[in-house]
Amino acid sequence: MAAAATGAGLLVGCAALPRTVVITEAQLQEKLAGQFPQRRRVMSLLDLDIGAPALKLLPEQGRVAARLTVDASERLTRKSATGTVDADSALRFEPSDMSLRLYQVRVARFDLADAVGAWPAPVRQAAAVVAEQLLEDQPVWRASSSQADRLRRAGVRDVQVRITAAGIELMLDGAPR
């Protein structure tokens, strides 16, 4: 069934291009795991080591939730902390590189603690704002080059994204009916 095609098997072989493709939560989790750990420097003051996120689909909200582990090192004093970030995001399709990207990221909680205890609330709140900016527009899935070529050849102009209990549905506009 075309609607049940998976992201891993997206556009493989000579079969007709499906109108709807589903990427399961497990497939997205696996794809993301290959992108982590990541190291980010924030304003030359803070180094962040970010672990692979644990994902959860939120179909009733049309969003994806993630919990990430973070190790933070303040560069001037060498103070370090560990913590977690709880965030959720909508997803959008970016046709220029055939990717799914985070959109309207909201950090619900950013907890950081060192050997002395939790970092002050204003620092954690500022870190949450920075985390939203770092996560916004980040790719979470990208079509392979052969998949992207096939999408372009099929005339796919737009892809609507819908988060369901079954996974992330990509509804291909322009795909043959």
Pro53 and its side-chain contact (heavy atoms from CB on, under 4.5 Å) partner, picked from Leu28, Leu32, Val64 =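 Of Leu28, Leu32, Val64, side-chain contact (heavy atoms from CB on, under 4.5 Å) with Pro53 is met by Leu32 alone.
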Charged N to carboxylate O under 4.0 angstrom, Asp88 versus Lys56?
->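 Not counted as a salt bridge, because no side-chain N and carboxylate O are separated by less than 4.0 Å.
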Begin with the C-alpha distance, continue with both residues' side-chain angles, and end with the deciding distance and a verdict on side chain to side chain contact (heavy atoms under 4.5 Å, CB included) for Arg41 and Asp47.
-> CA-CA 5 Å; Arg41 180 161 286 162; Asp47 286 330; 2.7 Å; yes
Between [X] and [Y], is any pair of side-chain heavy atoms under 4.5 Å apart?
| X | Y | result |
| --- | --- | --- |
| Val129 | Gln133 | yes |
| Lys31 | Val140 | no |
| Arg109 | Thr84 | yes |
| Gln35 | Gln138 | no |
| Gln160 | Asp173 | no |
| Leu170 | Trp141 | yes |
| Leu134 | Val42 | yes |
| Ile23 | Leu100 | yes |

Does any N or O in the side chain of [X] come within less than 3.5 Å of the main-chain N or O of [Y], such that one atom is a donor and the other an acceptor?
| X | Y | answer |
| --- | --- | --- |
| Gln29 | Leu55 | yes |
| Ser99 | Arg101 | no |
| Arg75 | Ser44 | yes |
| Glu136 | Val105 | yes |
| Arg63 | Gln104 | yes |
| Ser89 | Tyr103 | yes |

Between [atom1] of [X] and [atom2] of [Y], what distance do you get to the nearest 0.5 Å?
| X | Y | atom1 | atom2 | answer |
| --- | --- | --- | --- | --- |
| Thr20 | Glu169 | OG1 | CD | 6.0 Å |
| Leu135 | Ile50 | CG | CD1 | 7.0 Å |
| Thr82 | Asp49 | OG1 | CG | 11.5 Å |

Would you name the heavy atoms of [X] and [Y] that are closest together and state the gap between them?
| X | Y | result |
| --- | --- | --- |
| Gly51 | Phe36 | O-CD2, 3.5 Å |
| Phe110 | Ala128 | CD1-N, 3.7 Å |
| Arg162 | Met171 | CB-CE, 3.5 Å |
| Leu48 | Ala72 | CD2-CB, 3.7 Å |
| Arg152 | Pro95 | NH2-O, 4.2 Å |

Are there more than 12 heavy atoms of other residues, nucleotides or ligands under 6.0 Å from atom CD of Glu94?
->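 Count over threshold, so yes.
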All side chain to side chain contact (heavy atoms under 4.5 Å, CB included) counterparts of Ser80, not counting sequence neighbours =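 For Ser80, the residues satisfying side chain to side chain contact (heavy atoms under 4.5 Å, CB included) (neighbours in sequence not counted) are Ser73.
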Side chain to side chain contact (heavy atoms under 4.5 Å, CB included) between Leu57 and Ile168, worked out | CA-CA 8 Å; Leu57 300 180; Ile168 299 165; 4.1 Å; yes
Run the numbers on Arg40 and Gln38 for side-chain hydrogen bond (donor to acceptor under 3.5 Å, both in side chains), then give the verdict.
-> CA-CA 7 Å; Arg40 300 283 181 94; Gln38 289 186 11; 2.9 Å; yes
Salt bridge (charged side-chain N to carboxylate O under 4.0 Å, His left out) partners of Arg67, counting only residues at least two apart |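 With sequence neighbours excluded, Arg67 shows a salt bridge (charged side-chain N to carboxylate O under 4.0 Å, His left out) to Asp86, given in chain and number order.
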Can you check side chain to side chain contact (heavy atoms under 4.5 Å, CB included) on Val161 and Arg92, steps first, answer last?
-> CA-CA 6 Å; Val161 179; Arg92 70 174 184 82; 5.7 Å; no
Could you list who else is in Leu76's hydrophobic cluster, with ILVMFWY side chains joined at under 4.5 Å, directly or through other members?
->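 Same cluster as Leu76: Leu45.
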